[in-house]
Engineer: 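Have a look at this one.
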Amino acid sequence: MTLTAAELDADLAEIIADFPQSVVIAGTTYACAADDLTIGRKPDEAGIFSDDAMEIHIRTALFTTRPVAGATLTYGGRVLRVVSVRTAADDNMLTLVCQEKTA
């Protein structure tokens, strides 16, 4: 059985609803799922990864204008800059790779 785009989007909405996280982009709050990005990074002292990079997963259907690299957003009180934007093969989910915004 093949999932339709609408069914997959509904499933993504349920998954994201299980994680009470949100991100503010251009003044609008979006439900999301976020995690620290550790792939390809080395731990700091004592084996701890610094909090300077993360991935934020958001349903594509929520946007009329999608965020682009260089955009800023606020997550958990932290101001982050979008380094890259990836889409799932079916275009139902955006993954924003972000880093701490510096001056």
Side-chain angles (χ1 to χ4, degrees):
M1 180 170 106
T2 305
L3 287 175
T4 66
E7 291 171 325
L8 184 55
D9 185 58
D11 290 344
L12 287 171
E14 286 183 32
I15 291 167
I16 289 175
D18 288 340
F19 300 92
Q21 300 172 320
S22 63
V23 62
V24 178
I25 304 171
T28 303
T29 302
Y30 299 94
C32 69
D35 55 270
D36 290 332
L37 183 61
T38 58
I39 296 170
R41 294 177 54 218
K42 295 184 182 193
D44 291 338
E45 205 171 303
I48 298 171
F49 287 95
S50 62
D51 292 335
D52 65 351
M54 63 186 331
E55 290 183 333
I56 298 176
H57 311 282
I58 308 171
R59 292 173 45 227
T60 304
L62 300 177
F63 294 96
T64 52
T65 302
R66 296 180 185 189
V68 296
T72 58
L73 56 88
T74 304
Y75 173 79
R78 296 165 53 198
V79 178
L80 304 169
R81 180 175 309 281
V82 177
V83 176
S84 68
V85 179
R86 298 189 309 245
T87 57
D90 55 17
D91 200 40
N92 278 331
M93 181 177 68
L94 293 177
T95 298
L96 308 177
V97 178
C98 304
Q99 290 184 331
E100 291 286 346
K101 181 180 175 188
T102 57

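Each residue takes its place number in the sequence, starting with 1. Remember, it's a predicted structure, so these values are computed and weren't measured experimentally.
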Engineer: Got a sec, which pairs hit ring-ring contact (aromatic ring centres under 6.0 Å, His included) with one end in residues 80-100, sequence neighbours left out?
Structural biologist: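 The answer is none; no pair qualifies.
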Engineer: Please report the interatomic distance CG(Leu94) to OG1(Thr60), rounded to the nearest 0.5 Å.
Structural biologist: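 Rounded to the nearest 0.5 Å, the CG-OG1 separation comes out at 4.0 Å.
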Engineer: Answer whether the closest heavy-atom distance between the side chains of Arg86 and Val97 falls below 4.5 Å.
Structural biologist: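 When only atoms from C-beta onward are counted, Val97 and Arg86 do touch, with a gap below 4.5 Å.
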Engineer: side-chain contact (heavy atoms from CB on, under 4.5 Å) for Val68 and Val82? Distances and angles first, verdict last.
Structural biologist: CA-CA 7 Å; Val68 296; Val82 177; over 6 Å; no
Engineer: Looking at CZ of Arg78 and CG of Leu73, how far apart are the two atoms once the value is rounded to the nearest 0.5 Å?
Structural biologist: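 Going from the CZ atom of Arg78 to the CG atom of Leu73 covers 10.0 Å.
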Engineer: Check this for me, if you would: do Arg66 and Asp91 make a salt bridge, where the nitrogen-to-carboxylate-oxygen distance has to be below 4.0 angstrom?
Structural biologist: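 Looking at Arg66 and Asp91, the cut-off is met.
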Engineer: Quick check against the 3.5 Å criterion: does Glu55 have a side-chain atom that pairs as donor or acceptor with the backbone of Asp35?
Structural biologist: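 Side chain of Glu55 to backbone of Asp35, a donor-acceptor pair under 3.5 Å: no, none is there.
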Engineer: I'd like to know whether Gln21 forms a side-chain contact (heavy atoms from CB on, under 4.5 Å) with Tyr75, so could you lay out the CA-CA distance, the side-chain angles of the two residues, the decisive distance to 0.1 Å, and finally the verdict.
Structural biologist: CA-CA 8 Å; Gln21 300 172 320; Tyr75 173 79; 3.0 Å; yes
Engineer: Going from CE on Met54 to SG on Cys32, what distance comes out if it is rounded to the nearest 0.5 angstrom?
Structural biologist: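 These two atoms lie 8.0 Å from each other.
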Engineer: Working to the nearest 0.5 Å, report the span between CE of Met93 and CG of Asp11.
Structural biologist: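 The CE atom of Met93 sits 12.5 Å away from the CG atom of Asp11.
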Engineer: If hydrophobic clusters are built from ILVMFWY residues whose side chains come within less than 4.5 Å, do Leu96 and Phe63 share one?
Structural biologist: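 As far as the 4.5 Å side-chain criterion goes, Phe63 and Leu96 are connected within one cluster.
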Engineer: Kindly say whether Gly70 contributes a backbone atom to a donor-acceptor pair with the side chain of Arg81 at under 3.5 angstrom?
Structural biologist: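 Side chain of Arg81 to backbone of Gly70, a donor-acceptor pair under 3.5 Å: yes, one is there.
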Engineer: Considering non-hydrogen atoms only, spot the tightest contact between Thr29 and Ser22 and give its length.
Structural biologist: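 What the structure gives for the nearest pair is CG2-CB, 3.7 Å.
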Engineer: Which atoms form the tightest heavy-atom contact between Ala69 and Val83, and what is the distance?
Structural biologist: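 Heavy atoms only, the tightest pair is CB-O, 3.5 Å.
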Engineer: For the atom pair CG (Leu80) and CD (Glu100), what is the distance rounded to the nearest 0.5 Å?
Structural biologist: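 Answer for the CG-CD pair, Leu80 versus Glu100, is 5.5 Å.
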Engineer: Quick check: do Leu62 and Thr28 have side-chain heavy atoms less than 4.5 Å from each other?
Structural biologist: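 With C-beta onward as the side chain, the pair stays apart.
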